[in-house]
Amino acid sequence: MTALPAAPPLSGITVVSVEQAVAAPFATRQLADLGARVIKVERPGGGDFARRYDTTVHGESSYFVWLNRSKESVTLDLKTDAGRAILEQLLAGADVFVQNLAPGAAVRMGLGAEALAERFPSLVPCSISGYGSTGPWSDRKAYDLLVQCQTGLVSLTGNEHGGARVGVSIADIAAGMYAYSGILTALFTRATTGVARAVEVSLFEALAEWVSQPAYYTRYGGTQPPRLGTQHATIAPYGAFTAADGRAVLFSVQNEREWAALCERFLGRPGLVTDPRFATGSARVAHREQLNALVAERFGELDSDEVTKLLDAAGIANAGVNDMTDFLAHPVLSGRDRWRDVPIPGGAAVSALLPPVDLAGTAPRMDAVPAAGQHTDAILAGLGYGPADIEGLKAEHDI
């Protein structure tokens, strides 16, 4: 007899999030994926401004659809006494509070970690900021590309013609991931010690961790890694080359065994294995141009399918250089059944990827993306507000 799936691991956990844009919604969506009840607090009259970043997904924003499935949306004007009173009621029944408000706004509204700890000692508060709640830049706004620039990431991407933005919101994603893992850690700590710890993450410090390798390289090597497009700055050969049919294939040699296999089984030049220009990883990087010329010559003799077959036979990791259309049709995603339909506002449904972590015996939540304020009436009713009370709050624009 097949066992029924276990309840999602965060069932019974309630998260209240005053969130916008990417970082905080990414953290809370992952909590929702695990079964937490996530109540998303939005502004009346429009909601999270990420709803209007674009209109490409059946009229909805691609960012918002990605980040906000399985949540409940309530609209509250937190500048009014009534709106703040409702938020206080929600927090009284919550396990986690997440906010990525403008610098200083949470503290001014009494939503800083210290103030919350006094009123709600069992609540785990999580603050996501640009540059931290203290320090010389605590009052500065920060958006993803600004942080990519401030951490030096843009100086590492691109090619000899100049730097380039990473094509996804990588600073936001990094901060959201650390907020998510920090919240899980704080919930575990609360469960084992009874103490609720505050969580703080900044976009800058999250991405600073991710650029640590080139930072070490620069500090101790005397110069930063060069921008080399699809080539790897510190490993060679590692990059994309164009085959005779015009298609690019990227491959990587990670160790001396792979280097020998590449020489013998792909390049057909076993003598290169011990050539002093290429015999070690450092030597190959130092003579990158000569090595790349040899590789490019061989690529020019083969079409991309032949390149792939020979590299596979040699045990050399390789990949076609896909665009997004290729990615959407990727055989790994279809072969592993990674797509699910998720309803969005207006009645349509979109194909969404399952979360990347599979937890044995459980299934992630893949519920609808909410319309702004879709759950306001139901949430207020759950707090004890009657129909007349709710209509009065609407009339005063508190919700």
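Looking at K394 and E391, a side-chain N of the basic residue comes within less than 4.0 Å of a carboxylate O on the acidic one, giving a salt bridge. Between D95 and R190 a salt bridge is recorded (basic side-chain N to carboxylate O distance below 4.0 Å). Between R247 and D245 there is no salt bridge, since no side-chain nitrogen of the basic residue lies less than 4.0 Å from a carboxylate oxygen of the acidic one. Under 4.0 Å is where a charged nitrogen must lie from a carboxylate oxygen, and between R69 and D33 at least one such pair does. Salt-bridge check for R227 with E160: failed, with every basic side-chain N at 4.0 Å or more from each acidic carboxylate O.
In this model, no donor atom of one side chain and acceptor atom of the other lie less than 3.5 Å apart for S17 and Q99. Side-chain N/O atoms of T80 and E396 include no donor and acceptor closer than 3.5 Å. Looking only at atom types and distance, the side chain of T28 has no donor-acceptor partner in the side chain of K40 under 3.5 Å away. Looking at S73 and Q374, their side chains never bring a donor and an acceptor atom within 3.5 Å of each other.
Looking at every heavy atom in both residues, A24 comes nearest to V98 through CB-CG1, 4.0 Å.
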Which donor-acceptor pairs under 3.5 Å do side chains of residues 260-269 form with protein atoms, sequence neighbours excluded?
unit_1: R265; atom_1: NH1; unit_2: A313; atom_2: O; d: 3.0
unit_1: R265; atom_1: NH2; unit_2: A313; atom_2: O; d: 3.3

Which pairs of donor and acceptor atoms, one on a side chain in residues 324-332, lie under 3.5 Å apart (sequence neighbours left out)?
unit_1: D326; atom_1: OD2; unit_2: D323; atom_2: N; d: 3.1
unit_1: H330; atom_1: ND1; unit_2: V332; atom_2: N; d: 3.1

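Considering only heavy atoms from C-beta on, W259 comes within 4.5 Å of F278 through its side chain.
Take R119 and apply the side-chain contact (heavy atoms from CB on, under 4.5 Å) test, not counting sequence neighbours, and it matches E88, L111, A115, L116. A search for side-chain contact (heavy atoms from CB on, under 4.5 Å) contacts involving T157 returns L153, A164, V166, not counting sequence neighbours. Residues that satisfy the salt bridge (Lys or Arg N to Asp or Glu O under 4.0 Å) test with E205, not counting sequence neighbours, are absent from this structure. For T193, the side-chain contact (heavy atoms from CB on, under 4.5 Å) test picks out T189, V195, with sequence neighbours left out. Listed by chain and number, the residues in a side-chain contact (heavy atoms from CB on, under 4.5 Å) with A27 are A179, Y180 (sequence neighbours excluded).
Sequence neighbours left out, not one pair with a member in residues 377-399 passes ring-ring contact (aromatic ring centres under 6.0 Å, His included). Listed by first and then second residue, the ring-ring contact (aromatic ring centres under 6.0 Å, His included) pairs that reach into residues 224-248 are H232-Y238, F241-F251, F241-F299, sequence neighbours excluded. For residues 123-159, the pairs satisfying ring-ring contact (aromatic ring centres under 6.0 Å, His included) are Y131-W137, Y131-F204, with sequence neighbours left out.
I128 and I39 fall into different hydrophobic clusters, defined by Ile, Leu, Val, Met, Phe, Trp and Tyr side-chain heavy atoms under 4.5 Å apart, directly or through other members.
Around CZ of R338, the count of heavy atoms belonging to other residues, nucleotides or ligands within 6.0 Å exceeds 12.
At distances below 3.5 Å, at least one donor-acceptor pair connects side-chain atoms of R365 with backbone N or O atoms of A36.
If you chain together ILVMFWY residues whose side-chain heavy atoms come under 4.5 Å of each other, V285 ends up in a group of its own. Other members of the hydrophobic cluster containing Y220, listed by chain and number, are Y216; membership follows side-chain contacts under 4.5 Å among ILVMFWY residues, whether direct or relayed.
Atom-to-atom distance recorded for R51:CZ and L67:CG is 11.5 Å, nearest 0.5 angstrom.
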